[in-house]
Amino acid sequence: MSSAMEALYSGNKDEHPEPIKAEVRGQLPTWLQGILLRNGPGMHTIGDSKYNHWFDGLALLHSFTFKNGEVYYRSKYLRSDTYNCNVEANRIVVSEFGTMAYPDPCKNIFAKAFCYLSHTIPEFTDNCLINILKAGDDFYATSETNFIRKINPQTLETLDKVDYNKYVAVNVTTSHPHYDSAGNVFNMGTSIVDKGRTKYVLFKIPSSVPEQEKKKSCFKHLEVVCSIPSRSLLHPSYYHSFGLTENYIIFVEQPFRLDIVKMATAYIRGVTWASCLAFNKDDKTWFHFVDRKTKKEVSTKFYTDAMVFFHHVNAYEEDGHIIFDIISYTDNSLYDMFYLKNLNKDFEENTKLTAIPTCKRFVVPLQFDKDAGVGSNLVTLPSTATAVKEKDGIYCQPEILCEGIELPRINYDYNGKKHKYVFATELQWSPIPTKIAKLNTQTKEMLHWGGEDCWPSEPIFVPSPDAREEDDGVVLTCVVRTDPEKAPFLLVLDAKTFTELGRATVDVKMHLDLHGMFIPEQDLKTETE
Ligand SMILES: CC1=C(/C=C/C(C)=C/C=C/C(C)=C/C=O)C(C)(C)CCC1
Ligand SMILES: [Fe+2]
């Protein structure tokens, strides 16, 4: 089990760019036509050099194509500049989150990109290993730097490199954009090089461009929606996602921060980007709500205790309150756990999360009695979450929805609206995803799916074409096996009952991935276009 774990996490995986027909068992819905496209790290050793952290691995895209009851599997490494330079040098020559590499022989590409305090930072990596973004009719592999890479979702080929920084002043971005019903993309990034003006920027990428500009990309029409100044100019918060309701943008400024001075000197000091992140458990976490129409921030100061979180689940408005669910931790042991030296055969002794992922619901009153006394709880909805008036603002404490879930997904048609269900991977005190779950946030009841030797990935909900209820549809998850004799499979569950409809097995060594999306057939450009 333990060495299997090491192989799953850090063994280099082969790519399978030619479609492999999967063996389908059970009954897949006939309407399920399209591509499940996912991303994650697949290679952690290049020549004799090894990455330190699981999040450093080279992006390996993989896909399951559903066509007339048949399923085809493909996988292909993202041909990023990072990949190409590393492979050419046969060693790691580009720095990643947890690995600083230098000197860089690929000087022409990874030359020093910007200066700060007269030191230099090398250009960031384009190893986009975290998620998939849809902008206009195009798909991109994404990470958290200023670069994204266009890909062909059918062949998994790597196309253009897009630098967000050409269109908006951001140096780091999230891999969890939002989409409105028209397909416009909203994302956030932080501007860290404009000294003294460190800020978080929300921007919009329109879904379509004017007819006469059809040849141009929608990035040329990117607009800044609003920006939020960082509380600390030299220590902006790290964030992995943000929230969106019908009328508000939700930004949580957690005391898990990037240290800009450390970043500016990391390269010359030979330390990693990861070492420039620090959690201050004695600080507060600040909530920011920006009105999407007026672009003004709600002036009341809302805060909660120090925490570290990565994923927003969903957010919505109800009776003058903003309600948002997140998966949070009381410390940053999650990032530390993913150092590959910890994910080895002695892992059971070495690695224990000191904080368990907890699904928390914050209920924040935007309209409240301004004369309410200090100490009074301003939440008027039926929830155990509180928002207590203090002299310096409003102190919020969450309702706990459940413990031990990560990689949350919802029916995205309910994004920004009141949702009832959350689909997620289950993990307890270690990075072992043994089950997936469906949580009913109203009753807190959970349904589970798990199997012997099975590690399921982030579950993705796909609505059925005639869906009436929130959970009318299927849940898709890739299942890797801890028993090397057993083949991985794509599992299709009925989202209502959380029972198996069918599975598509492929005899490959599949990697553990992070995030992805289901692309319905009608969203795919036809080959002739
Ligand atoms: C390279 C690089 C970064 C990369 C961060 C990554 C790759 C984060 C991955 C996070 C994940 C996968 C979280 C899951 O919950 C930073 C720190 C943004 C900034 C400096 C350069
Ligand atoms: Fe994520």
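All values reported here derive from a predicted model rather than from experimental measurement. Numbering of ligands and ligand atoms starts at 1, following listing order.
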Output field: ring centroids Y335/F310 closer than 6.0 Å: yes
Closer than 2.8 Å to the Fe ion (ligand 2) - protein N, O or S atoms, ordered by chain and residue number: H176 NE2, H240 NE2, H311 NE2, H515 NE2
Residue and atom name of the nearest protein heavy atom (relative to atom 13 (C) of ligand 1), distance in Å to one decimal: H240 CE1, 3.4 Å
Nearest neighbour in protein (non-hydrogen) for atom 19 (C) of ligand 1: V172 CG1, 3.8 Å
Face-on cation placement of R292 at F186 ring, 6.0 Å and 45° thresholds: yes
Ring centre gap for F362 and F287 strictly below 6.0 Å: yes
Aromatic contact, Y200 with Y239 (centres under 6.0 Å): yes
Protein contact to atom 6 (C) of ligand 1 [nearest heavy atom, distance to 0.1 Å]: E144 OE1, 3.9 Å
Option set F55, F97, Y239, Y238, criterion heavy-atom distance to atom 5 (C) of ligand 1, minimum: F97
By salt bridge (charged side-chain N to carboxylate O under 4.0 Å, His left out) - contacts of K199 (at least two apart): none
Pair H176 and H515, ring centroids less than 6.0 Å apart: yes
Flag: protein heavy atom within less than 4.0 Å of atom 10 (C) of ligand 1: yes
Atom 15 (O) of ligand 1: nearest protein contact (heavy atom, Å): H311 CE1, 3.5 Å
Closest approach of any protein heavy atom to atom 21 (C) of ligand 1, naming residue and atom: W273 CD1, 3.4 Å
